[in-house]
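Everything on this sheet refers to the single structure shown next.
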Amino acid sequence: MTDRFDPAVADRRWQQRWAEAGSFHADSNSAKPKAYVLEMFPYPSGRIHMGHVRNYTMGDVLARFRRMQGYEVLHPMGWDAFGMPAENAAMEKKVHPGAWTRQNIATMREQLQRIGFALDWSRELATCEPDYYGQEQALFLDLMEAGLVTRKESEVNWDPVDMTVLANEQVIDGKGWRSGAPVERKKLSQWFLKITDFAEELLEGLDGLDQWPDKVRLMQSNWIGKSQGLQFCFRLATSMPGGVCDIEVFTTRPDTIFGASFVAISPGHPIAETLAEERPEVAEFIARAQAGGTSAAEIETAEKLGFDTGLEAIHPFDENVRLPVWIANFVLMDYGTGALYGVPGHDVRDFEFAAKYKLPVRRVVATSSAGASAPITEAETDPGVAVNSQFLDGLASDQARAEVIRRAETAGWGQGKTQYRLRDWGVSRQRYWGTPIPVIHCDACGPVGVPRDQLPVVLPEDVSFDVPGNPLDRHPTWTKVDCPKCGGLGRRETDTLDTFVDSSWYFIRFASQPDDRPFDRAEAEKWLPVGQYIGGVEHAILHLLYARFWTRALERMGKISVKEPFKGLFTQGMVTHETYESPDGRWLNPDEIEVREGGALVERATGVEVRRGRVEKMSKSKKNTVDPEPILDRYGADAVRWFMLSDSPPERDLEWSEGGIEGAARFVQRVWRLVRSPPGNEGQDSALLKKLHRTIAAVGEAIEGLQFNKSVAALYELTSAIEKAKPSATRDEAIRTLLLLAAPGAPHLAEEAWAIRGEEGMIADAPWPSFDPAMLVDDEVTIAVQVNGKLRETMTAPRGISREDTEALALALPKIQSQLGGGTPRKVIVVPDRLVNIVA
RNA sequence: GCGGACGUGGCGGAAUGGUAGACGCUGGAGACUUAAAAUCUUCUGCCCUUUGGGCGUGCGGGUUCAAGUCCCGCCGUCCGCACCA
């Protein structure tokens, strides 16, 4: 019999055993210390892809490791099941979004189970089911009652053909991504969550997240975009129609206020709109200014456009100074006050504008290299000393800044202010496949929350997608409902919630899922915060910020005493693969490629040579995907898992390769052969014992730090060492321990081997091995001997040898003698037990 | 434009300021075999004529007895934000 580990049999056997034993069931009432390991839950798009496999393997290794360490582990899985792809499928394939989604979930659940993840399936949830989104509706009502929900007019991208709102990412070159129709701007009344109320604490909270990548913290910090400055009103020297007499502006550089040479307002500013009503040329300019797109390239090349309104603003510190008021396309209506004053000498953007429209450029900041009268040839934005600024002259920029704010506040015409870039979170989506917003509109009472005893507001299933637009709008009965307040005729809200709302609290629902409320506070607090959260960096800003906001909102409302949902965050790299392009421009899947002798790649079907493209993230569009399923069939779950861990550091991209999976599969068989090798039960092997203890230490440390590639390397070394060792009791112990160390990564192999060795119970329940720190040190050490910092020789010496003896031994070495050529060293540096450096 | 990360053999990657290249992949040689697969042994940074020596962590400087690692300046790649007042 060829004695090979057979995953086709073993994988299923152990998956079944774990399920029967409820091995990975998380007991909230357990007395053990708790560990919550979570990977970002998938969108059920159809099939599991390699990115999922990598993500969930990492989490699984950590979860299994924690279990073996004696923690009660919560490691759940669910489905982020609302969203657009289901509606697109409905339109294209004439299936109901719910049917499509639930079928995908069934498929993907089975795929995940084949990989043997240690998940507590009893806590599985799908956001598209009423038992989840109904509780979300209850939380939405809570937020409404707490004043954290507002209704505002907001501009949206409207696709007139699909009759739907598009996200910014769905607008490509000003056209709808599906319909190709030119996108219109449309103002709609929409629901917003007041995340801006939390701007400061979301920012400050980042400091405490020391187990998050710095990169993500920085991205969030930039996104929140705090800046401090002065806000004040310019009085207008000219009267405006409608009694408007001032323009409110915000600046972060009040120290340059004497360098102001114009005031600029946004084309969307109320004053601009008022002027436009009277003067056609203003309306015309506004239309032109707003025409430009928002793509990166367009902004890069966008020309600054301005229109002089003829209005004049009075300088707050000098009645006699008048600043012309321009409408300028670079002023954003939704940042600050939608108006600013321009200081061309010390702001790049203002300089460009002033140069184009011949506005004055004044120096009001001097630096060591540019004095008070030096001409300005480009915007100087560095701080320095105020000049040409009356009472500010001689003050350093930051002092001048404070002084201007102080005077403005004393005189009462302005005040210091903090601005944030962060905007409120618009959660309305004019779509069917999402959580219905639990609100009823009434002409008399306005929007009214659905009474809690009427929750969940269930999404109707009898809808059609043959007509563009939101099917909820045209549903015959669903919208018709009485106002809960006055009993009059009401209309049910037809917008649904942004799917980011669904993912903003699922980790709480995983921790506790009672039938009658969103979560049980005491139970949830036993698990939260999530100890280790793992997912893609693409969620660095939105999902993670929204989840942090939601958690803080619950905390502020007194519903939970957790402020930050994710204690540790890890962002894993992507799974990549080479791309292949045929001469006629089609992308080809790796399956369709054949390697000819000499390394040429040809398309299997046609024999035509293909171009080898860049290594990129696996994607449908580039067709460079590798489906996990056939790989699982061929190599088994453990080989796939092992490869996911082995080749690259987890935060970097992993390139899929045939060689890599082969190597992983080879390792599985190597371990199996060791297990099947004749046992030796007598005799010690002290060298192997040391290696073993070192490996236990190294693997534990590596997994703790999520450095799975290092844990794999350490296990390869141990495996080689055991293979080379002669039979002994030590060797037998080493094999047993190797299984324990490999168990989180290759659990099926480990269980199978554990069983045939006749060990007790399942290895999933076995404790993680401990090591003896004394075994980590050697009696003999290898000491490097350098001459002038260059390695010339090594020598072995007893550990703990004195400096003097080390030096003497080193100097006595023949090679060193010849290097020195009889001379006396000028200096000798000794690092005990490590190195000698002789300076000649 | 602003901000950040990264740059080490043919490839993926290891290296508390202290022996650069662990481990894996690829490749070479050999063993076993009728043969192949599988497996095992062994070599595999570059250069020089060897014992041996020289050069090597993107480039140029610096700090240090000692730099892949710290500092300064370039170059390149990738990522995020983007007219944010």
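Order of the sequence lines sets the chain letters (A, B, ...), proteins ahead of strands, with each chain counted from 1. Bear in mind that the values here come from a model prediction, so they are computed numbers and not experimental data.
The interatomic distance linking A:Lys815 (NZ) with B:U19 (C1') rounds to 13 Å, in whole Å. With rounding to whole Å, A:Met795 atom CE is found 14 Å from B:U19 atom P. Taking atom CG of A:Asp653 as the reference point, atom P of B:G13 lies 9 Å away to the nearest angstrom. Atom pair A:Phe667:CZ and B:C40:P shows a separation of 13 Å (rounding to whole Å applied). What separates CH2 of A:Trp642 from P of B:C25 is a distance of 13 Å, to the nearest Å. Nucleotide B:C79 holds its C1' atom 11 Å from the CD1 atom of A:Ile541, rounded to whole Å. The CZ atom of A:Arg253 sits 14 Å away from the P atom of B:C84 (whole-angstrom rounding). The interatomic distance linking A:Leu645 (CG) with B:G12 (C1') rounds to 15 Å, in whole Å.
Phosphate contact (OP1/OP2 of B:C23, side-chain N/O of A:Ser720, threshold under 4.0 Å): absent. Regarding contacts with the backbone of B:C65, every side-chain N or O of A:Arg826 stays at 4.0 angstrom or more from both OP1 and OP2. A close approach under 4.0 Å does not occur between any side-chain nitrogen or oxygen of A:Arg423 and OP1 or OP2 of B:C84. At the phosphate of B:A66, neither OP1 nor OP2 sits under 4.0 Å from any side-chain N or O atom of A:Arg834. A sub-4.0 Å separation between OP1 or OP2 of B:G24 and a side-chain N or O of A:Tyr716 is absent. Residue A:Lys724 places none of its side-chain N or O atoms closer than 4.0 Å to OP1 or OP2 of B:C40.
Minimum atom distance to the side chain of A:Arg670 is reached by B:C40, of the listed B:C40, B:C23, B:G12. Listed nucleotides B:G80, B:A85, B:A82 differ in distance to A:Arg421; the shortest reach to its side chain belongs to B:A82. Side chain of A:Leu791, nearest nucleotide from B:G80, B:A20, B:G18: B:A20. For A:Leu340, the listed nucleotide lying nearest its side chain is B:A85; candidates were B:U19, B:A85, B:G18. Side chain of A:Ala713, nearest nucleotide from B:C23, B:G24, B:A85: B:C23. Distance from the side chain of A:Leu332 is smallest for B:C84 among the nucleotides B:C84, B:G12, B:A14. Minimum atom distance to the side chain of A:Arg349 is reached by B:A85, of the listed B:A85, B:C40, B:A15. Counting only heavy atoms from C-beta on, A:Ile829 has its side chain closest to B:G18 among B:G18, B:U19, B:C79. Checked against B:A85, B:G13, B:A20, the side chain of A:Thr252 finds its nearest nucleotide in B:A85. Nearest to the side-chain atoms of A:Glu717 among the listed nucleotides B:U39, B:C23, B:G13 stands B:C23.
B:A20: no Watson-Crick or G-U partner with both key distances under 3.5 Å is found in any strand. Checking B:C74 for Watson-Crick or G-U wobble geometry (two distances, each under 3.5 Å) identifies B:G58 as its partner. Across all strands shown, B:C2 pairs with B:G80; the Watson-Crick or G-U wobble distances both stay below 3.5 Å. The partner of B:C40 is B:G30, by the rule that a Watson-Crick or G-U pair needs both atom distances under 3.5 Å.
Residues A:Val712 and A:Ser646 approach most closely at CG1-CB, 3.7 Å, considering heavy atoms.
Judged purely by atom type and a 3.5 angstrom limit, A:Arg792 has no side-chain atom pairing as donor or acceptor with the backbone of A:Gln786. Looking at A:Ser221, its side chain never comes within 3.5 Å of a backbone N or O of A:Arg217 through a donor-acceptor pair.
If you find the closest nucleotide of RNA chain B to A:Asp347 and to A:Val712, the one lying nearer the 5' end belongs to A:Val712. The 5' end of RNA chain B is approached more closely, in terms of each residue's nearest nucleotide, by A:Thr794 than by the other of A:Thr794 and A:Ile838.
A:Phe262 pairs with exactly one of A:Phe234, A:Phe353, A:Phe351 by the ring-ring contact (aromatic ring centres under 6.0 Å, His included) rule, that one being A:Phe353. The one candidate from A:Ile541, A:Leu545, A:Leu544 that meets the side chain to side chain contact (heavy atoms under 4.5 Å, CB included) condition with A:Met219 is A:Ile541. Put simply, the residue from A:Leu835, A:Leu791, A:Leu813 that forms a side chain to side chain contact (heavy atoms under 4.5 Å, CB included) with A:Val785 is A:Leu813. With A:Val61 as the partner, the side chain to side chain contact (heavy atoms under 4.5 Å, CB included) test is satisfied by one option alone out of A:Pro744, A:Pro650, A:Ser711: A:Pro744.
To the nearest whole angstrom, the two C1' atoms, one in B:C11 and one in B:U64, are 35 Å apart. Comparing the P positions of B:C25 and B:U41 gives a spacing of 13 Å, expressed to the nearest Å. B:A5 and B:G53 have their C1' atoms separated by 39 Å, given to the nearest Å. Separating the P atom of B:U33 from that of B:G10 is a span of 38 Å, rounded to the nearest Å. Taking atom P on both B:G13 and B:G61, the two are 29 Å apart, rounded to the nearest angstrom. Rounded to the nearest Å, the gap between the C1' atom of B:U34 and that of B:A20 is 47 Å. Nucleotides B:C6 and B:C55 have their P atoms positioned 30 Å apart, rounded to a whole Å. Distance check on atom C1': B:A85 versus B:A15 gives 48 Å, rounded to whole Å.
Counting any heavy atom pair closer than 4.0 Å across all strands shown, A:Arg666 reaches sugar-phosphate atoms only and no base atom. Counting any heavy atom pair closer than 4.0 Å across all strands shown, A:Glu662 reaches no nucleic acid atom. Within 4.0 Å of A:Leu218, counting heavy atoms only, lie sugar-phosphate atoms of the nucleic acid but no base atom. Residue A:Asn709 is classed as a sugar-phosphate contact, given heavy-atom separations below 4.0 Å to backbone atoms only. Within 4.0 Å (heavy atoms only), A:Ser646 reaches no atom of the nucleic acid at all. Note on A:Thr782: a base of the nucleic acid sits closer than 4.0 angstrom, heavy atoms only. Contact annotation for A:Val831: base contact, defined as any heavy-atom pair under 4.0 Å involving a base atom. Residue A:Val331 is classed as a base contact, given a heavy-atom separation below 4.0 Å to a base.
For B:G27, the O4'-C1' to base torsion is more than 90° from 0; the nucleotide is therefore anti.
For A:Lys304 against B:C83, a side-chain N or O and a base N or O form a donor-acceptor pair under 3.5 Å.
Taking CZ of A:Arg670 as the reference point, atom CD1 of A:Ile722 lies at 10.0 Å (rounded to 0.5 Å). If you take CD1 on A:Ile247 and SG on A:Cys233, they are separated by 9.5 Å, rounding to the nearest 0.5 Å. Atom-to-atom distance recorded for A:Lys622:NZ and A:Tyr580:OH is 14.0 Å, nearest 0.5 angstrom.
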